[in-house]
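First up is the structure itself, then whatever we jot down about it.
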Amino acid sequence: MAKEITSREENYSQWYNDIVRKANLADHSDVRGCMVIKPHGFAIWENMKNQLDKMFKDTGHVNAYFPLFIPKSYLSKEADHVDGFAKECAVVTHHRLMNDPDGNGVVVDPSAKLEEELIVRPTSETIIWNTYRDWISSYRDLPLLINQWANVVRWEMRTRLFLRTAEFLWQEGHTAHASVEEAVEETRRMLDVYATFAEEYMAMPVIKGVKTANERFAGADDTYTIEALMQDGKALQSGTSHFLGQNFAKAFDVTFLDENNQSNHVWATSWGVSTRLMGALIMAHSDDAGLVIPPRLAPTQVVIVPIPKPGDEIDAAADRIMNELREKGITVKYDNDKKRRPGFKFAEHEMHGTPVRLGIGKRDLANGTIEVARRDTKTKESVNIDDIAAHVEQLLVDIQDNLFNRAKAYLDEHITEVNSWDEFKEVLESKGGFISAHWDGTSESELKIKELTKATIRCIPLDNKQEEGKCVLTGNPSKERVLFAKAY
RNA sequence: CGAGGUGUAGCUCAGUUUGGUAGAGUACACGUCUGGGGGGCGUGUGGUCGCUGGUUCAAGUCCAGUCACCUCGACCA
């Protein structure tokens with residue numbers, strides 16, 4: 001079984017690539033670093049997107065759309081910001097092609113050079129804040145709570161499908177507020193939205209925390225993050241929410257008059273999650289037989305397989321069951337392909353991650369039962385055909401819970417407190433996961449640890465316990481533990 | 001950008017050392033026997049051997065250049 005997927009034990013990276021390809025999630029395109037998201041992968045992303053969009057709307061946000069191209073001069077207005085992105089920007093320099101005088105197809109028309117070059121957005125803070133300047137004049141215009149769903153481009157050296165591609169899909173929220181308190185509250189609110197989404201929909205437990213200065217978003221005063229742990233013990237930053245202070249307001253001169261007719265710069269936030277969540281979803285739950293999708297995000301929650309092949313009696317039973325399930329809002333598909341054999345279908349639906357599979361054969365019908373197989377545990381049971389809809393409805397809930405609990409148990413087991421440098425290195429190498437250790441708060445120590453071990457500070461957990469201790473590297477005094485890990 | 005590796009059928013790869021008609025498995029199509037976990041047998045489709053140039057009577061094979069991809073570094077959501 002699963003003969004086409006490399007096992008996680010044998011080669012974790014290859015396993016990941018195999019899942020992406022064999023589960024029809026995405027392909028490498030001919031364009032370096034860019035992927036083609038295939039229908040099954042996109043369907044999962046759409047489910048994520050729909051749910052997140054609902055959660056954004058429920059917290060008072062509206063959607064808008066800003067240009068793909070950003071004038072080069074905008075990007076340089078905020079010093080930290082341009083430093084953070086300058087090295088990975090795609091630049092549009094010309095606006096016209098012409099026939100090659102030598103007859104070799106088309107070439108760039110040198111006379112069509114742009115007066116000011118355009119940057120393909122790596123993120124939209126600059127163009128958005130340039131626009132907000134015109135939109136905001138009074139405290140009555142605030143807060144401004146806008147999100148956009150878009151593609152962005154970051155010219156990455158090394159790419160991996162979903163986890164890091166040159167072009168990716170995401171949403172970016174950009175908000176403006178009258179007070180620092182309100183902006184910080186917004187930053188934290190959206191972090192909570194992300195955490196709730198990850199845990200309740202992706203069934204992926206996350207740790208909420210704040211980034212150190214080194215790991216902070218370029219241009220932010222504070223970056224909050226949700227960090228998840230993958231099955232190979234590496235951490236994955238899955239979403240970030242930034243408190244931007246007044247940095248962009250000052251860079252783009254965005255001010256408002258308050259109730260006392262005083263002019264102030266606005267306070268800002270931005271927050272985003274991307275198709276990287278697809279990578280997180282894959283690595284959080286899937287196994288050597290293929291993809292595992294939590295029921296709440298599965299494009300098809302239940303598949304019915306006729307055994308050994310479709311027939312009048314089996315088709316009728318499948319129709320009846322499908323109607324019952326659909327009445328309960330469950331998505332279901334009947335795999336009545338006559339050409340493929342049941343064994344093949346079993347393997348294929350496991351590969352694609354369908355949470356529940358129902359097997360209907362003449363033997364089952366004679367007994368008045370249905371074979372119910374769950375993807376998360378790969379176990380099967382016989383269920384009375386009259387109880388099937390209620391059973392499946394509950395089973396989907398159980399699977400969702402089980403996936404979360406399983407991942408949560410794994411996460412909890414892989415947060416290790418260490419108190420010495422030797423122990424730090426030992427745990428990092430042998431066990432992986434998050435290492436909870438004291439750190440003296442300096443960038444120098446953080447960078448030294450990264451250099452020595454490749455582990456970085458993933459975050460300082462929110463509501464962190466305050467305790468006296470000594471930095472695991474330098475022995476200098478520390479007031480709290482932070483979480484280290486190797487990361488994607 | 002540094003180090004190493006690989007480009008041959010949709011996919012995985014042999015063939016390159018020693019130049020001489022382009023191969024296998026898998027996938028795909030059709031037929032057939034099957035049928036409760038990727039089934040068997042048979043027939044068939046499918047290739048500018050990454051690209052460009054050179055050496056040669058003759059290049060997948062030798063030489064030079066070039067491009068792409070993979071692994072590991074630096075960078076990063």
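Order of the sequence lines fixes the chain letters, A, B, ..., with proteins taken first and strands second; residue numbering starts at 1 for each chain. Because only heavy atoms are used, hydrogens play no part in the values below, and waters and symmetry mates are left out as well, while side chains stay in.
Nucleotide B/C72: paired with B/G2 (Watson-Crick or G-U wobble, both distances less than 3.5 Å). When both distances must be under 3.5 Å, the Watson-Crick or G-U wobble mate of B/C13 is B/G23. Taking a pair to require two hydrogen-bonding distances under 3.5 Å in either a Watson-Crick or a G-U wobble arrangement, B/A58 remains unpaired. Here B/C41 sits opposite B/G31 as a Watson-Crick or G-U wobble pair (both hydrogen-bonding atom distances under 3.5 Å). With a cut-off of 3.5 Å on both Watson-Crick or G-U wobble distances, the partner of B/G47 is given as none. Pair assignment for B/G7 gives B/C67, based on Watson-Crick or G-U wobble hydrogen-bonding distances that are each under 3.5 Å. Figure legend. B/U18 is base-paired to no nucleotide; pairs are counted as Watson-Crick or G-U wobble with both atom distances under 3.5 Å.
A donor-acceptor pair under 3.5 Å is absent between the side-chain atoms of A/E186 and the main chain of A/T175, judged by distance alone. Under the 3.5 Å distance criterion, the side-chain polar atoms of A/H61 are matched with a main-chain donor or acceptor of A/F56. Listed for the A/S445 side chain is no donor-acceptor partner under 3.5 Å among the backbone atoms of A/G441.
On the P atoms, B/G39 is 25 Å away from B/G46, given to the nearest whole Å. Taking atom P in both B/G20 and B/G15, one finds a spacing of 14 Å when rounded to whole Å. Separation of the P atoms belonging to B/U55 and B/U12 is 35 Å when rounded to the nearest angstrom. A distance of about 34 Å separates the C1' atoms of B/G47 and B/A3, rounded to the whole Å. Spacing between B/C49 and B/U61 at atom P, rounded to whole Å, works out to 9 Å. Comparing B/C70 with B/U56, their C1' atoms are spaced 34 Å from each other, to the whole Å. Look at the C1' atom in both B/G23 and B/G60: the space between them is 12 Å, to the nearest Å. Atom P of B/G37 sits at a distance of 49 Å from the matching atom of B/A74, rounded to the whole Å.
Within the nucleic acid shown, A/L163 comes within 4.0 Å of at least one base atom, counting heavy atoms only. Contact annotation for A/K345: no contact, since no heavy-atom pair falls under 4.0 Å across all strands. Using a 4.0 Å heavy-atom cutoff across all strands shown, A/F168 reaches at least one base atom of the nucleic acid. Within 4.0 Å (heavy atoms only), A/E156 reaches at least one base atom of the nucleic acid. In this structure, A/T223 reaches neither bases nor backbone, as no heavy-atom distance under 4.0 Å exists between it and the strands shown. Residue contacts shown for A/T240 are absent, as no nucleic acid heavy atom lies under 4.0 Å away.
Using a 4.0 Å cut-off between charged side-chain N and carboxylate O, A/D53 and A/K57 make a salt bridge. Under a 4.0 Å N-O distance rule, the pair A/D287/A/R375 qualifies as a salt bridge.
Considering only the side chain of A/E350, B/G37 comes nearest among B/G37, B/G73, B/G36. Side-chain proximity of A/K450 to the nucleotides B/C75, B/U71, B/G37 is greatest for B/C75. When distances are taken from the side chain of A/M351 to each of B/G36, B/G38, B/G37, the shortest belongs to B/G38.
Residue whose closest nucleotide on RNA chain B sits further toward the 5' end, between A/S274 and A/K339: A/K339. In terms of position on RNA chain B, the residue among A/K338 and A/R21 whose nearest nucleotide sits closer to the 5' end is A/R21.
Atom CZ of A/R160 and atom C1' of B/C72 are 13 Å apart (whole Å). Rounded to whole Å, the distance from NZ on A/K22 to P on B/C11 is 11 Å. One atom, CZ of A/R154, and another, P of B/C75, lie 17 Å apart when rounded to the nearest Å. Nucleotide B/G37 holds its P atom 16 Å from the CD1 atom of A/I360, rounded to whole Å. In this structure, the CZ atom of A/R357 is 12 Å from the C1' atom of B/G38, given to the nearest Å. When the P atom of B/G38 is taken as reference, atom CG of A/D288 falls 18 Å away, rounded to whole Å. Atom-to-atom, CZ of A/F346 to C1' of B/G37 comes out at 6 Å; the value is rounded to the nearest Å. As a whole-Å value, the separation of A/N17 CG from B/U12 P is 12 Å.
Using the six-membered ring where Trp is involved, A/W129 and A/F248 have ring planes that are parallel, under 30° apart on the 30 and 60° scheme. Note on ring orientation: taking the six-membered ring where Trp is involved, the planes of A/H349 and A/H352 are perpendicular (angle over 60°, cut-offs 30° and 60°).
Tested against A/V206, the residues A/E227, A/E199, A/Q237 include a single side-chain contact (heavy atoms from CB on, under 4.5 Å) partner, A/E199.
In terms of polar N and O atoms assigned as donor or acceptor, the side chain of A/E348 never comes within less than 3.5 Å of the base of B/G38 in a complementary pairing. Counting distance only, with no hydrogens placed and no angle test, the side-chain atoms of A/R341 and the base atoms of B/G38 include no donor-acceptor pair under 3.5 Å. Judged by distance alone with a 3.5 Å cut-off, no donor-acceptor contact links the side chain of A/K378 to the base of B/G37. Checked by distance alone, A/R363 brings a side-chain donor or acceptor within 3.5 Å of a matching partner on the base of B/G36.
For A/K87, no side-chain nitrogen or oxygen approaches OP1 or OP2 of B/C1 to under 4.0 Å.
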